[in-house]
There are 2 protein chains.
Amino acid sequence: MEIRKRKVLEAVVNDYVVTAEPVGSRSIARRYNLGVSPATIRNEMADLEDLGYLEQPHLSAGRVPSDKGYRYYVDNLVRPAVAGGEEYRGFMRNVLETQGHDMAGLLQHVARTLSEFVDYLVLISGPEMGSSAYRLVRFIPVYDGRVILFLVTEGGFVQTFALDIGDIVQQDMDKVKEAFYTSFYGMTLEDICNELYDTPPKGLEEYRAPLISSLNALVERLNDGQKQRVFFCGTANILKQPEFRDADKAFALFNALERHSLAYEMLQALCRDEEVDVAIGDEINRQGIQDCSLVVSAYRFGNDLMGRIGVLGPRRMDYARVMPLVREVSRTMTDVLNGL
Amino acid sequence: MEIRKRKVLEAVVNDYVVTAEPVGSRSIARRYNLGVSPATIRNEMADLEDLGYLEQPHLSAGRVPSDKGYRYYVDNLVRPAVAGGEEYRGFMRNVLETQGHDMAGLLQHVARTLSEFVDYLVLISGPEMGSSAYRLVRFIPVYDGRVILFLVTEGGFVQTFALDIGDIVQQDMDKVKEAFYTSFYGMTLEDICNELYDTPPKGLEEYRAPLISSLNALVERLNDGQKQRVFFCGTANILKQPEFRDADKAFALFNALERHSLAYEMLQALCRDEEVDVAIGDEINRQGIQDCSLVVSAYRFGNDLMGRIGVLGPRRMDYARVMPLVREVSRTMTDVLNGL
DNA sequence: GGTTAGCACTCTCAACCGGTGAGTGCTAAA
DNA sequence: TTTAGCACTCACCGGTTGAGAGTGCTAACC
């Protein structure tokens with residue numbers, strides 16, 4: 001694309017991001033020093049519309065970026081705003097350090113903090129329990145037939161699941177206590193299922209079937225993303241955005257987001273790039289969320305991907321600010337989790 | 001209050017609940033068989049307004065119930081709608097039974113199910129961890145200095161907390177493992193703190209201070225309600241209500257609700273009655289939630305109050321439907337949790 | 001040939017205006 | 001005490017109008 005067209009496209013996106021109003025040739029000529037008259041810009045805009053980068057809500061209105069226009073902007077034009085990054089980094093470190101590695105609380109806090117820096121919705125998915133390796137696995141019998149599966153991931157995330165292994169007589173409970181003191185270090189849930197299937201703990205052969213089926217059901221749920229918790233913060237922010245002041249639009253969006261599994265899948269679906277990824281409008285491909293964009297970055301522990309941090313806002317999102325911010329937060333998360 | 005005034009007040013509330021429009025004397029005369037003309041009803045309404053039970057949005061509009069009017073209605077006039085109760089009970093039992101006592105999942109499901117029966121927001125607070133007695137307390141050392149406190153309440157609710165007890169040398173970790181195998185059966189968190197303070201486990205005297213301070217911080221957080229999780233469902237429902245189609249109103253409400261601790265306190269604050277309680281408008285006494293009503297009922301395990309189920313909607317809530325429904329759900333919860 | 005000034009045209013939006021309908025308060029009669 | 005009648009108020013709807021912003025097109029300009 002010619003240099004001037006790029007400048008015009010960038011100007012349109014920049015202006016539209018802040019005003020949420022269709023932007024016209026005159027205002028671009030006034031606010032940006034392109035050295036040409038509105039008429040020339042008008043011609044460029046007409047060309048950009050032909051090429052599919054801009055759209056016109058109605059004749060005699062200004063132009064609005066199309067999905068394709070945003071895509072081009074994000075891929076080629078966006079100039080990350082550095083301001084706030086450092087400030088935020090300090091803030092984050094503070095949050096991370098005072099939260100003492102209580103993962104759920106930590107993620108909640110990070111979501112809250114981030115949502116105060118952007119006027120959008122923040123989503124953070126927790127560690128993927130289904131396929132990650134555990135540093136500690138413990139089976140804790142609680143009472144008749146109920147066993148709590150206690151897991152700690154490499155990253156220190158604790159999760160518990162209740163398993164029902166049917167009627168157990170009291171004296172067998174002690175056996176359970178003993179039997180499950182085996183080490184499952186570094187195994188995934190699938191591994192544990194297989195292990196138990198192949199070599200059931202001594203004295204507990206008769207409970208193997210219900211235990212296995214209970215575990216299998218658990219693995220299945222985890223893979224469905226049903227058990228996966230997504231932390232939300234800044235829901236109210238959505239209502240600040242002019243495009244969601246219409247109650248029906250807002251309703252459709254909130255309704256969709258209420259299915260946490262959908263939010264989880266949405267976060268998972270983005271993984272083109274290592275650092276920070278963006279899905280624009282229809283690219284999100286979820287009912288009710290067509291009018292949004294999602295900026296996502298993953299945080300890691302060691303080589304394992306732990307979870308994802310996402311910011312969901314209108315397509316007209318402030319990419320220049322959000323992208324570096326999200327990148328920064330996930331980097332900081334990764335750093336702190338890895339004990340740097 | 002005279003019988004006819006009561007009938008008129010009831011009629012106004014009933015109509016306003018469904019239409020959300022100020023209701024006039026004529027429409028009451030038409031829809032209810034009071035045996036008097038609109039003019040008479042008009043006079044009664046003027047009286048009710050003088051008494052503070054009704055309000056007029058503007059001259060020449062119909063009347064709307066005031067907070068006082070709703071209060072009188074809820075206390076004296078409401079006729080619980082029975083329809084749906086049994087149907088719901090079956091539904092609930094099914095949810096409760098298939099959820100296998102995984103408390104977090106269970107509460108989430110109950111919230112979801114209930115939110116499908118009412119067009120309002122459902123809030124459920126989990127067991128109060130701070131002051132309830134535990135059936136099982138376990139300290140699980142994870143790695144250097146990090147100990148997970150693993151708690152199971154009488155009701156089978158599992159919760160874990162990370163504690164930092166400072167630098168621990170590896171060989172001491174085994175001691176921790178041993179030392180914390182004590183039984184803390186039936187103790188509350190406060191009890192445990194005291195116990196550890198009075199008689200620190202053998203060989204771990206030097207870790208007493210950080211452990212105690214870590215635990216104290218935990219108790220404090222629990223008492224602040226910070227750690228208390230509140231399960232939300234039906235947030236989108238709020239936007240269906242005409243009074244929240246105005247984005248600013250909705251924003252104020254969502255903003256307030258985002259502070260989960262506020263939601264928690266709101267639920268806790270209501271405890272006049274055993275069965276089901278209602279806070280109307282300003283009675284809720286929380287910034288941003290003045291225009292709502294809250295219907296709450298507690299569920300129990302044994303004699304302990306475990307948590308609360310609340311429905312938050314506009315003041316113009318369908319009390320006749322919501323009140324029995326909330327009562328029914330909390331009863332069913334209590335029944336199922338107690339193993340009936 | 002690219003650029004620009006000028007101009008007619010389009011479309012939205014806010015303000016205005018009058019009519020309609022719902023509802024009220026008041027008064028006088030039943 | 002109740003009711004019919006009536007004048008009055010106010011929100012709301014639909015149509016109109018004018019202003020403002022923006023466009024496309026054309027012809028002149030460098």
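Just so we're on the same page: letters track the sequence lines, and every chain starts at 1.
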**Q.** Pairing residues for S330(A) by the side-chain contact (heavy atoms from CB on, under 4.5 Å) criterion, not counting sequence neighbours
**A.** S297(A), Y299(A), I309(A)
Can you tell me the distance, in whole Å, between the [atom1] atom of [X] and the [atom2] atom of [N]?
| X | N | atom1 | atom2 | value |
| --- | --- | --- | --- | --- |
| D47(A) | dG1(C) | CG | P | 16 Å |
| R30(A) | dG20(D) | CZ | C1' | 12 Å |
| I41(A) | dG22(D) | CD1 | C1' | 13 Å |
| M45(A) | dG22(D) | CE | P | 9 Å |
| L54(A) | dT23(D) | CG | P | 11 Å |
| E2(A) | dG1(C) | CD | C1' | 14 Å |
| E55(A) | dT23(D) | CD | C1' | 17 Å |
| R31(B) | dA22(C) | CZ | P | 15 Å |

Q. Less than 4.0 Å between a side-chain N and a carboxylate O, is that true for R79(A) and E10(A)?
A. yes
Q. Between D67(A) and R71(A), is there a side-chain N and carboxylate O pair less than 4.0 Å apart?
A. no
Q: Can you tell me which residue pairs pass the salt bridge (charged side-chain N to carboxylate O under 4.0 Å, His left out) test with a partner in residues 248-263 of chain B, sequence neighbours excluded?
A: R245(A)-D248(B)
Q: Please list all pairs passing the salt bridge (charged side-chain N to carboxylate O under 4.0 Å, His left out) test where one or both residues lie in residues 43-59 of chain B, with sequence neighbours left out.
A: R4(B)-E44(B), K5(B)-E44(B), K5(B)-D47(B), E49(B)-R63(B)
Dump the pairs, protein N or O against N or O of nucleotides 28-30 of chain D, anything under 3.5 Å, distances to one decimal.
none

Nucleotides 9-15 of chain D: which of its N/O atoms have a protein N/O under 3.5 Å away?
from, atom 1, to, atom 2, distance (Å)
dT9(D), O2, S60(B), OG, 2.8
dC10(D), O4', S60(B), OG, 3.0
dC10(D), O3', H58(B), ND1, 3.3

Q) Quick one: what's the B/S/- string for nucleotides 2-8 of chain C, heavy-atom cutoff under 4.0 Å, read 5' to 3'? A) -SBBB--
Q | Full working for side chain to side chain donor-acceptor pair (under 3.5 Å) between D318(B) and Y120(B) | A | CA-CA 10 Å; D318(B) 189 350; Y120(B) 312 115; 5.4 Å; no
Q) Hey, mind stepping through V122(A) and F232(A) against side chain to side chain contact (heavy atoms under 4.5 Å, CB included) and telling me if it holds? A) CA-CA 6 Å; V122(A) 176; F232(A) 283 70; over 6 Å; no
Q. Does the separation of the ring centres of Y16(A) and Y70(A) fall below 6.0 angstrom?
A. no
Q) Contact class for S27(A) (heavy atom, under 4.0 Å): base, sugar-phosphate, or nothing? A) nothing
Q: With side chain to side chain contact (heavy atoms under 4.5 Å, CB included) as the test, would you mind laying out the steps for V295(B) and D277(B) before giving the verdict?
A: CA-CA 6 Å; V295(B) 176; D277(B) 274 325; over 6 Å; no
Q. Among V230(A), N285(A), L312(A), V296(A), which residue meets the side chain to side chain contact (heavy atoms under 4.5 Å, CB included) test with M266(A)?
A. L312(A)
Q) With S125(A), which of E265(A), H260(A), Q268(A) fulfils side chain to side chain contact (heavy atoms under 4.5 Å, CB included)? A) Q268(A)
